[in-house]
Amino acid sequence: MTSTDVRKDAEDSGPSGYAAARLRLLTEEARSGPPRRSALSELTDDWLAGLFTAGSEELRGVSLVAVGGYGRGELSPRSDLDLLLLHDGSDSQAVAALADRLWYPVWDLGLALDHSVRTPAEARKTAGEDLKVQLGLLDARHLAGDLGLTAGLRTAVLADWRNQAPRRLPELQELCAERAERQGELQYLLEPDLKEARGGLRDATALRAVAASWLADAPREGLDDARRRLLDVRDALHLTTGRATDRLALQEQDQVAAELGLLDADTLLRQVYEAARVISYASDVTWREVGRVLRSRSVRPRLRAMLGGGKPVAERSPLAEGVVEQDGEVVLARAARPERDPVLPLRAAAAAAQAGLPLSLHAVRRLAATVRPLPTPWPAEAREQLVTLLGSGQPTIEVWEALEAEGLITRLLPDWERVRCRPQRNAVHIWTVDRHLIETAVRASEFTRRVSRPDLLLVAALLHDIGKGWPGDHSVAGEIIAKDVAARIGFDRTEVAVLSTLVRHHLLLVETATRRDLEDPATVRSVAEAVGSQGTLELLHALTEADALATGPAAWSSWRGSLVADLVKRVSAVLAGDLPEEPEAAVATAEQERLAIEAVATGSPVLSLRAQTEPPADPAADPADQPAGDPEPLGVELLIAVPDRPRVLPAVAGVLAMHRLTVRTAELRALPLPSGVEGSVLLLNWRVAAEYGSLPQAARLRADLVRALDGSLDIAGRLAERDAAYPRRRGVVAPPPRVTVASAASHLATVIEVRAQDAPGLLFRIGRALEDAGVRMRSAHVSTLGANAVDAFYVTGASGSPLPGDEAAAVARKLEEMLRG
């Protein structure tokens, strides 16, 4: 059916005909994107024009005007109709009757309507007071009635906007900044608001308004296409949900992707991120130009008066060979020849980042259009300039984005294309893969004084997740890519080996420290064998911290940092030739020993509940590396000493779950007792936080723990009752749990790893399932990263030896089945 057929149906049948024609148009598979939005706007134009003219042939001095998105002819399936009934004020009663004839049929069809009735003077006055109204009027489009009235308003509004631009554009910029702070950046959000987030449709509209002011203009290349893609996604979102929503929720992304003919939700998000990145970069460039023009306007009259007229010449300050600063931006020198100087893009970028200045759009585009590829391997200067850029801290991000916007990054590093705008569907990560890599380099730049090879640290930070663009284990894939990239940019064979090791094992320290028993000699030896040298260990320690800090707030804490530091100290000793201490040689703190002796004496659990702060500074360490200010609070530390007996872990975990305490980290291990004290004691060292409200009293926790251990407290029943009374709300569908056996992780026990969605009572269920399997718990290491529980349990058979392979696999399989159920 053609647009003419659809519009004819609407004209023939009135409102009901419009509804049928609208439905037919929206369900046509052959038409989507801009053609459908235009057709829907035209259909709506004809219907509203018909409503306007019906019975009002004699009415003069009145017009119907579309504003905002409807004024631009961009109606999405569930868009509001933004309408202005404009009149000259000569017959208010007739205008009111006409308004009723227009608005009520729209409401009757269930369409959202944003309407106003104003004279031109009232419209201009309101626009002068309300920036959002003025932005809507900039897109005013005549629908019906007095064309001269509409044209007069459009001319006046545009003139007002251009006259008031020096005052109103800073107001618009502030409005955009406030919205970005509130909604976040579209190019990094897993559930973005396509309209309100930074880089979304509102920002695209703001750029149109800046262009209309004639004060500055946005870089046009790619901008219209980016805006069209976001509108297409919003159309598909409206059609799949049947709602007027702009938020791309996780549970709807697969359907939206299918509606658009895309492979999957990741492909959809990547397209959204790419579009948002174009709009965000255009916004940065545009607002910078607005600021430059406004500053120039304010300074120029004074300069002219001082110089006796004439146009002042902008100062140019040299920054590097072929690179100068001009008017607050980094530009190319007049003598620069990009076509003869392949290192110039990196030199200009490094100079800009070191100076904390933006690269000018003109400079970046000239470089992209004319520069020759670097030879392989890169010359030493190119490698040095890359390291300088990566080590410049926060300014690196803006400069890197400018290079990437014009395709220079993927020309320098072709493997970057696979991680560019790549989403990370993990609540712990707050950035896309490519932005996370740059953030890690920024974080690593703070640690360059801690390592002997800062260049290797910075390049490893840039490459550590480069394998996420390939199938399989990203660390394994990344090792191969890192070798190739490192050789291409000119590192020697030894340096390439170090970089590939850092990428391959960038998760080794934090995973081992939080999931393995550091008292087990096999644990420390395995890390030492993987790392190989003190220098690599030093680099890996700094990379681990930079990676975690760049991931998000849930990925790092002083507590986790102290665990990694302890592991590094032990590994360093092994690399220096010292053997790791046997488990029996572990030394308890005075507080732990006191609790253990009391537990033996009373034959019952003893606990201590106290606020925990970061470990005291190491007096031998460099003062520059010590934290400033007061110790950082880490939560509440719960120490429990219990005479060794079965079912300790599920009992403690169940009591904490009953009291609505969230477990952040947890360890369970046997505690050596002082000479002359007989018995065996288990020590549980946990960090907990209240889900809400205040923490329970230690005496109450102990009383419930005693009852749980003697079997008089039905924890499972109590938790089931609570879940039945307060069912948890449906949320994001989490990946299924995974339980594996970590082979060769320990010579003393079998290590069972559990990765699952965190939930109240999870640790209680795991502990009970392991006890039911008949295994003995040697130690446990529990950590919660955002919504994910990552736990490791060291278990043995009844004889105290590791489980046979088939028996360990059976235990893991049963535990996974329980968690899935």
Exercise for the section: Check the angle between the aromatic planes of Trp47 and Tyr18 and answer parallel, tilted or perpendicular using the 30° and 60° thresholds. Expected result: parallel
Will you find, in the side chains of [X] and [Y], an N or O donor that is under 3.5 Å from an N or O acceptor?
| X | Y | result |
| --- | --- | --- |
| Asp434 | Tyr273 | no |
| Ser76 | Asp235 | yes |
| Thr245 | Arg243 | no |
| Gln183 | Lys195 | no |

How close do [X] and [Y] get, heavy atom to heavy atom, and via which atoms?
| X | Y | value |
| --- | --- | --- |
| Lys132 | Asp130 | N-OD1, 3.0 Å |
| Ala249 | Glu191 | CA-OE2, 3.4 Å |
| Arg36 | Leu25 | CD-O, 4.0 Å |
| Leu237 | Asp246 | CD2-C, 3.9 Å |
| Ile438 | Trp416 | CD1-CH2, 4.0 Å |

Handout entry: Within 6.0 angstrom of Trp214 CH2, more than 12 heavy atoms from elsewhere
Key = no
Exercise for the section: Would you indicate whether Glu122, at its atom CD, is surrounded by more than 12 heavy atoms from other residues, nucleotides or ligands within a distance under 6.0 Å? Expected result: yes
Rounded distance (nearest 0.5 Å) linking atom [atom1] of [X] with atom [atom2] of [Y]:
| X | Y | atom1 | atom2 | answer |
| --- | --- | --- | --- | --- |
| Leu239 | Gln255 | CG | CD | 11.5 Å |
| Leu269 | Thr432 | CG | OG1 | 10.5 Å |
| Thr150 | Leu86 | OG1 | CG | 6.0 Å |
| Gln424 | Lys468 | CD | NZ | 4.0 Å |
| Asp284 | Glu289 | CG | CD | 13.5 Å |
| Asn163 | Ser213 | CG | OG | 11.0 Å |

Practice task
Any chance you could lay out the salt bridge (charged side-chain N to carboxylate O under 4.0 Å, His left out) test for Glu129 and Lys125, step after step, and finish with the verdict?
Solution key: CA-CA 6 Å; Glu129 297 167 350; Lys125 181 175 183 297; 2.7 Å; yes
Handout entry: Arg435 NZ/CZ over Trp431 ring centroid, <6.0 Å and within 45° of normal
Key = yes
Practice task
Could you tell me whether Arg168 sits above the aromatic face of Trp161, with NZ or CZ closer than 6.0 angstrom to the six-membered ring centre and within 45 degrees of the axis?
Solution key: no
Exercise for the section: Before giving the answer on side chain to side chain contact (heavy atoms under 4.5 Å, CB included), spell out for Trp103 and Val117 the whole-Å C-alpha distance, their side-chain angles and the decisive distance to 0.1 Å. Expected result: CA-CA 11 Å; Trp103 309 153; Val117 181; 4.1 Å; yes
[X] and [Y] ion-paired at < 4.0 Å:
| X | Y | answer |
| --- | --- | --- |
| Arg420 | Glu274 | yes |
| Asp88 | Arg60 | no |
| Asp232 | Arg229 | no |
| Arg37 | Glu74 | no |
| Arg141 | Asp45 | yes |
| Arg288 | Glu398 | yes |
| Arg227 | Asp224 | no |
| Asp266 | Arg270 | no |
| Glu404 | Arg277 | yes |
| Asp193 | Arg182 | no |
| Arg198 | Asp203 | no |

Exercise for the section: Only pairs at least two apart or in different chains count here, so list each side chain to side chain donor-acceptor pair (under 3.5 Å) that has a residue in residues 77-86. Expected result: none
Handout entry: Residue pair Leu138, Thr205: steps toward the side chain to side chain contact (heavy atoms under 4.5 Å, CB included) verdict
Key = CA-CA 10 Å; Leu138 290 177; Thr205 301; over 6 Å; no
Do the non-hydrogen side-chain atoms of [X] and [Y] ever get within less than 4.5 Å of each other?
| X | Y | answer |
| --- | --- | --- |
| Gln173 | Glu178 | no |
| Leu51 | Arg101 | no |
| Val157 | Thr155 | no |

Problem - Criterion side chain to side chain contact (heavy atoms under 4.5 Å, CB included) on His436 and Val433, from CA distance to verdict - result: CA-CA 5 Å; His436 168 68; Val433 178; 5.7 Å; no
Handout entry: Step-by-step side chain to side chain contact (heavy atoms under 4.5 Å, CB included) determination, Leu201 to Arg234
Key = CA-CA 10 Å; Leu201 294 168; Arg234 186 173 70 167; 4.1 Å; yes
